[in-house]
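We name chains A, B, ... by the order of the sequence lines, and we start the count at 1 in each one.
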Amino acid sequence: MTKILVVDDSATMRQQVRQVLTGGGFEVLEAVDGQDGLATVTADEDVKVMILDVNMPRMNGIELAEALHANGRMAAGLNVVMLTTEGHAELIARAKAAGAKGWIVKPFKPDLLLAAVKKMAA
Amino acid sequence: MNRIALWFFWGHLPLLTALAWVNDAGPLFAAALTLAVLAGPTVAYRSLRSPHAISMVFGFTAMCMGGVLVHVGQGPVQIEMHFYFFSVLAMLALFANPMVVLTAAATVSVHHLLLWFAAPKSVFNYDAPLWVVLVHAAFVVLETIAACFIARSFFDNVIGLEKKVEARTAEIAQRNRDMRLVLDNVRQGFLTVDAQCRLSSEHSRIVDTWFGSYETDETFAQLLGRADAKLGAWFALSWESVSDGFLPLELALDQLPKRARLGERHFAFDYQPIGDVSGQLEKLLIVVSDVTSDVSKAESDAQQREIRAVLERILNDRAGFLEFYEEAKRLAKASLDKPAGDWSATKRHIHTLKGNSALFGLEAVARQCHAIEERLAENDMPGVQTELAQLERHWSALSTTIDHLLGQQGQDLVTMTGEEYDGILRSVVDGAEHADIARKLVDLKLEPTEQRLGRFAEQARVLAQRLEKGDIEVAVDGNGLRLERERFADFWSSFSDVLRNAIDHGIEPPAQREQSGKPARGRLELRSFEHAGEFVVEVRDDGRGIDWEAVRKKAKEHELSAQTQEQLREALFCAGVSTAAQVSEISGRGVGLAAVKDSCANLGGAIDVRSESGRGTVMQFRFPLTAVATKPLASSSKN
């Protein structure tokens, strides 16, 4: 089963993403902030797609994307997608510069999130 | 044409009379004959409505007139007078109607034949045989054919053409008017972009009116950017997801901006992809709808709802509304007074204003506050300023309306129920003690605790929803008791922390409740009653109960004694102690319960806590009746 890591400090949001993705046949790992996310993805080579919240304590989503870009994990095939509310143009631009493949606006439509993850995990 | 013809034939009257006189053919008879002929067209002209029918009468008249001419022109030139028929037959072509010519031809044929037979002198100046009459007839037939042809083509190419042009012009003018009407009212337009977002020339004209004309190598993002730079940038960024193909096209299109406000107009965008054979995006149809009227209708509906909510509040709980309104005014002023640098106070004010407004049904204010909070969270200061300006506009309009609704009714309004009124009246009629009546009157100025607890109940329900504790049940019973508003102000303001505590830490989420065999809906009871010489305000929840172990731990951290149950209870109400695992914006800072303890003590009251693990908590705030009882007017009653 393809592993997806969702990094979000909101338990509700993690739960929602998990529900959609496990329903779509993915194995979902969770992390509560950027540092936790970095540790989890570093410990697990099989994570194929990461869904990152932007605003998180300790290390935010952008910093995490930048770290994954710097340590070569993205180049090794990890796809990163940001989960954000509408209107954060600068943040998205930074995340894309750091190698994030795209962004999904919260609140997301379950079928579209699943379609996006399927496409990136393929 | 018919009018000209009428004048023309009336011109024959003097001419024929004069001719008859010169020719010695009886001028009076000639005049009478001409008048008789003229009667036909004159009556027809005045009475017939169809110009065609009138002109056919003229065809008949022309030939009769010819007959009169030939008759009065008897003598050597009588044969030459026949030229008249041929000239007038040709002239009849001017009516542009072959039927006029045919009528005339038929008339002249019958007329000529009859007169030749009955009164040959009035036709020929010699004894003409039948074949001569037939020769005349042959010429008439030939000319009639020619005249009919000319009349027809005159109609087709001159008269008819003018009419056609006129009709066509009118038709075009009408179509233009219709088109203008459509254009003025059109609320939807479209434009198309290619896979690089470049605009194609194919688009509705109305789009030019809305966004201005554009060059075909411009992108839609640039077009939007001309009116709103931020929107343009957002579109450009969103378009990247469409063009880079990492995300599914449907998702990428779904994330393109859907709404925009350009100047005074509001637009909605809908995107329809047009793919090539391989399914790649080739073109995108952008349907733009002007939703300005929908937006303003929604705004005005929201305003109406707000005003209705305000009215309901004023009617049902005036004092409560006034209290809210006073605080809201203060908060709005504090938030809008151009905060410089330090936004933390604004954040707090806006947050409180949002919560209170939501509670009192001021949806638009709450929504606006939420928008400000969002911008603050994003550190988008220009955005904050814009939203603040909007709040200011909205608040100023709303508060004007509220002030108007409140009108002259100041804070100092005494309300009573019919029952209370009857009670006082009975005391007066029964000759009760003045002091007794005075006490009843003073009571009227006190606040019914039921009203106050009712407000808290509502607050509790909203709070429970926000904290994901579901739709909790809140029971209120004031037992008809009243309290002095001013004296208990501090107590009530700290009392809301007791509620927050009960909902946040006491009542479990519905799923958890069901797991432990409780009804999914949490229950809260707010009561006031008199008991054993005391006035009691009670809060009872059926939550998980106080975690005394956690309190003991916290108390120790704060170096408080936590040996006996009494000491634990004390600790619960000490500043800094909280049993909450996590400090949230709602509660858990350990400040609230300390405040309620202080305000209670200031009124000479005490607090009782009974809690049973898994079953719930009861908190009682007990005040001696002397603290509650008003001793007013004992002296004034004597006066």
Subject >> Residues of residues 110-122 of chain A within contact distance of chain B, non-hydrogen under 4.5 Å >> reply: A/L112, A/A115, A/A116, A/K119, A/M120
Subject >> Charged N-O contact under 4.0 Å between A/K106 and A/D53 >> reply: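 Between A/D53 and A/K106 there is a salt bridge, with a charged N closer than 4.0 Å to a carboxylate O.
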Subject >> Lys/Arg N to Asp/Glu carboxylate O, B/D504 vs B/R500, below 4.0 Å >> reply: no
Original post:
Under a 4.5 Å heavy-atom cutoff, which of A/K96, A/K101, A/K109 has the most pairs with chain B?
Top reply: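 It is A/K101.
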**OP:** Please report the closest heavy-atom contact between B/H394 and B/V365, naming both atoms and the distance.
**Re:** CD2-CG2, 3.6 Å
Original post:
Can you list the residues that meet the side-chain contact (heavy atoms from CB on, under 4.5 Å) rule with A/R73, with sequence neighbours excluded?
Top reply: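 A/R73 satisfies side-chain contact (heavy atoms from CB on, under 4.5 Å) with A/V41, A/V47, A/L68, A/N71, A/L78 once adjacent residues are dropped.
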Original post:
Sequence neighbours excluded, which residues qualify as side-chain contact (heavy atoms from CB on, under 4.5 Å) partners of B/Q222?
Top reply: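 For B/Q222 the side-chain contact (heavy atoms from CB on, under 4.5 Å) partners, ignoring immediate neighbours, are B/E218, B/T219.
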Original post:
Excluding sequence neighbours, so at least two apart, what forms ring-ring contact (aromatic ring centres under 6.0 Å, His included) with B/F246?
Top reply: none
Subject >> Region of B/E240 in contact with chain A, defined by heavy-atom distances below 4.5 Å >> reply: both
Original post:
Which is it for B/F269 and B/F235 under the ring pair (Phe, Tyr, Trp, His ring centres under 6.0 Å) test, yes or no, and what are the steps along the way?
Top reply: CA-CA 11 Å; B/F269 302 116; B/F235 191 93; 7.5 Å; no
